[in-house]
**Q** 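Structure below; questions to follow.
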Amino acid sequence: MPPSRSEKTWSRGETRSYRKRPLPQTSWVQCVPSAFVPTYSATKAALHSYAQSLRFQLRQTSIQVIEIAPPYVQTELGGKSQATDPNAMPLKDFISEVMEILKSDPHVEEVLVKRVLPHRYAAEHGRENYDAFFEEYHSRVM
Ligand SMILES: NC(=O)c1ccc[n+]([C@@H]2O[C@H](COP(=O)([O-])OP(=O)(O)OC[C@H]3O[C@@H](n4cnc5c(N)ncnc54)[C@H](OP(=O)(O)O)[C@@H]3O)[C@@H](O)[C@H]2O)c1
């Protein structure tokens, strides 16, 4: 899993308390796969699973495993055009919401900005809702 630019900034030690906080970055596709990027989606689901196990294994240590699951964000991950795609969340807004969550909840396990919540919890409202969400998403993007 490549580190993000934000991870690199944090790991420079700007805020000491983050040093023992590995920040695996999953994605909005971890719970609802995107058929547009099937392998990527599967790796993010695996990472989400791995983060939970790692958190449990490290529960009696000072290491806190915090998962960050971004929505679609304006970076160049998917090519130059993504950085200005109006459908993507502006990077600055994403970083500031993430920092707010990290500051306000020292025990946070998953950092979820508001925009990612429908994807994250799509599966928790029953099979029918999940299927409808999956269909609606794919009819929009494919
Ligand atoms: N952007 C989104 O819409 C989005 C949505 C969901 C999840 N995510 C996840 O968020 C994380 C960061 O994505 P991003 O959008 O910030 O992408 P990004 O702007 O393209 O940044 C990717 C980072 O990974 C580094 N990197 C790439 N390949 C590497 C390698 N082989 N070894 C070491 N470093 C490597 C790059 O280093 P250099 O700067 O040196 O090139 C860069 O810092 C990823 O795990 C991605 O899957 C992103």
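Note that ligands are numbered from 1 as they come in the structure, with each ligand's atoms numbered from 1 the same way.
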**Q** Just to check, does A88 reach to within less than 4.0 Å of ligand 1 when the distance is taken from its heavy atoms?
**A**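 Judged by the 4.0 Å heavy-atom criterion, A88 does not count as contacting ligand 1.
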**Q** Which atoms of ligand 1 are found less than 4.0 Å from any heavy atom of Y40?
**A**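 Answer, ordered by atom number: 6 (C), 7 (C), 8 (N), 9 (C), 46 (C), 47 (O).
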**Q** Between L54 and L58, does a side chain to side chain contact (heavy atoms under 4.5 Å, CB included) hold up when you go through it step by step?
**A** CA-CA 6 Å; L54 194 62; L58 296 173; 3.9 Å; yes
**Q** Are the ring centres of F36 and H138 closer than 6.0 Å?
**A** no
**Q** V73 versus ligand 1: do any nitrogen or oxygen atoms come within less than 3.5 Å of each other?
**A** yes
**Q** Which ligand 1 atoms are under 4.0 Å away from a heavy-atom of Y72?
**A**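 Selected atoms, number and element: 3 (O).
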**Q** Within less than 4.0 angstrom of ligand 1, does Q74 place any heavy atom?
**A** no
**Q** Regarding atom 7 (C) of ligand 1: of the candidates T26, D85, L23, which has the closest heavy atom?
**A**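 When every heavy atom of T26, D85, L23 is considered, T26 comes closest to atom 7 (C) of ligand 1.
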**Q** Within ligand 1, which atoms have a heavy atom of S27 less than 4.0 Å away?
**A**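 Here the atoms of ligand 1 in question are 6 (C), 7 (C).
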**Q** Nearest heavy atom to atom 48 (C) of ligand 1 wins, so pick from V116, L77, L47.
**A**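 Result: the heavy atom closest to atom 48 (C) of ligand 1 is in L77.
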**Q** With no hydrogens and no angle check, is any side-chain donor or acceptor of Q74 less than 3.5 Å from a backbone partner on D85?
**A**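 The answer is yes, because a donor-acceptor pair under 3.5 Å joins these two groups.
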**Q** Does any N or O in the side chain of R120 come within less than 3.5 Å of the main-chain N or O of L117, such that one atom is a donor and the other an acceptor?
**A** no
**Q** Counting distance only, does the side-chain N/O of R115 pair as donor-acceptor with the main-chain N or O of P71 below 3.5 Å?
**A** no
**Q** With heavy atoms of Q82 as the reference, note each atom of ligand 1 found under 4.0 Å away.
**A** 1 (N), 2 (C), 3 (O)
**Q** For a side chain to side chain contact (heavy atoms under 4.5 Å, CB included) check, start with the C-alpha distance between R127 and D131, then their side-chain angles and the critical distance, and finish with the verdict.
**A** CA-CA 6 Å; R127 183 62 201 246; D131 289 346; 2.9 Å; yes
**Q** Please determine if W28 has a nitrogen or oxygen closer than 3.5 Å to a nitrogen or oxygen of ligand 1.
**A** no
**Q** Give the C-alpha distance, both sets of side-chain angles, the deciding distance and a yes or no for side chain to side chain contact (heavy atoms under 4.5 Å, CB included) between V113 and W28.
**A** CA-CA 10 Å; V113 299; W28 55 275; over 6 Å; no
